Amino acid sequence: MSIGYACLTVGVRNAEFKNCILKNATPKRLYELIGHNLIILDRIIDYNIANNIRLFRISSDLIPFGSSPVNQLPWHKDFSEQFHRIGTKIKSSGMRVSMHPGQYTVLNSPDEGVVRRAVEDLEYHERVLSSLDLDGTHKIVLHIGGVYNDKKASSARFIFHYEQLSERVKKRLVIENDDRSYNIADLLAISRAVNAPVIFDNLHHWINPADHETPEMDWIDECALTWKPEDGRQKIHYSQQEPSKKPGSHSETVRIREFMEFSHDLNGRCLDIMLEVKDKNLSALKCINCTSREPSIRVLEAEWSKYKYVVLERSPQDYQTIRELLKDKSGYPAVQFYELLEEVLLYPEMKGNAINAAQHVWAYFKDVASDKERAGFFGRIEKYQQSEISLKLLKNYLHQLAVKYQRDYLLDSYYFAF
DNA sequence: TGACGTCAAGATCCG
DNA sequence: CGGATCTTGACGTCA
């Protein structure tokens, strides 16, 4: 079983994709962006490997305007070496990747222009995965589309257009239930017609269930039957509702208790879980560490080293509590550890605690910083104390210093990400 | 016609 | 002038 995250990382250095707007999409600019984004993808794959993350969704923005006529670059040829290198890493590490065109790729539209662009978009996604030289277990996830007041006709139109797709796209395409139109029963029916595997999305299902009787796990088992050997392991999407936001909003982080209950209910079912959550890789690490078959306290210590100033900033009491928790080197209190973190992260900002943490961080520079920098730091502390600047501003200053003096320990921590 | 969702680019503001 | 913050863009459907 692999657990992974979508598209981008939180708290990882030099791992940001770039994009541009249509009017700036010249061949020169596109060339630069693609080159940059491939370097970033390479770095994220390295990060995933180093952190034991074996499931990842590649952003559709990897190639800006990848399926638009404004991008005519033969990028898959011009960058074939980079693609090959990245693809080799993915394969040799046993990582599984996917792509997911957004809500605007609509294969069942009554507008044939929309359908044509949807097909082009699917071909674009396919070309990325093929450029990486990945087999058909690396999937492209698609929703069914609109209803147009007639779900039967619209499903039929999806099926009709699906059948026209190229074989190379079909072998990668998987379909997913959504939160307003097509529920999991609709998906299974369409799957029977087109023979495409079905992704079960738990949050979409919660908002848009097919009925009120069938247990969730029964649907997951139904979906399992749609996955053939050449499709690889069954894959599902897992997310949690953000409290007090509108239905369907992904949570800030995966609440680990809830996830562990779900994981328990899975009862050994062998499937891959793609998390859809704001804190991305951080939740992936959390869930991976809490379901690990080879628990090692070292992994939690590594996590603690990244979270420690985030915790200190909010609660010195909990900072001590977590230190105590991790003292027993024969234990593995992963769930307790992450639950405490979740609790602490909900605390409101307290100036005294934030200043205390900032001073701990300052200690990394105090011997090397110039007088000007010292004055800059303490001046900002004073201004923050007086509510003249935000905590963010104070921390940005420390971040600058961390970059200048190459304090990798700080730069690799999550202190600047929260 | 605007909300929806998502992210970063682009524009504007501020000291 | 540089950096922080606000606004726009890109997509298609539906109310």
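Letters A, B, ... are given to chains in the order of the sequence lines, protein chains preceding strands, and every chain is numbered from 1. Note that this is a predicted model, so its numbers are computed, not measured.
- Under a 4.0 Å N-O distance rule, the pair A:E242/A:K278 does not qualify as a salt bridge.
- Each of A:Y414, A:Y319, A:Y309 was checked for a ring pair (Phe, Tyr, Trp, His ring centres under 6.0 Å) with A:W304, and the lone residue meeting it is A:Y319.
- Between A:N19 and B:dC7, a side-chain N or O to OP1/OP2 separation shorter than 4.0 Å is absent.
- As rounded to whole Å, 14 Å separates atom C1' of C:dA4 from atom NZ of A:K383.
- Nearest to the side chain of A:F65, among B:dA9, C:dT13, C:dA10, sits C:dA10.
- Note: CG (A:N396) to C1' (C:dG2) measures 13 Å, nearest angstrom.
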Extract from the structure each pairing of a protein N or O with an N or O of nucleotides 2-6 of chain B at less than 3.5 Å, listing the distance.
from, atom 1, to, atom 2, distance (Å)
B:dC4, OP1, A:K246, NZ, 2.5
B:dG5, N1, A:Y104, OH, 3.0

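- Residues meeting the salt bridge (Lys or Arg N to Asp or Glu O under 4.0 Å) test with A:D221, sequence neighbours left out: A:R269.
- Residue A:Y148 contributes atom OH, which lies 10 Å from atom C1' of C:dC14 at whole-angstrom precision.
- Listed nucleotides B:dA9, C:dT13, C:dC14 differ in distance to A:I21; the shortest reach to its side chain belongs to B:dA9.
- Remark: C1' of B:dG15 and CG of A:L393 are 11 Å apart, rounded to the nearest angstrom.
- The distance from atom CG of A:N37 to atom C1' of B:dA9 is 13 Å, rounded to the nearest whole Å.
- At B:dC7, none of the side-chain N or O atoms of A:K18 fall inside 4.0 Å of OP1 or OP2 (strictly under the cut-off).
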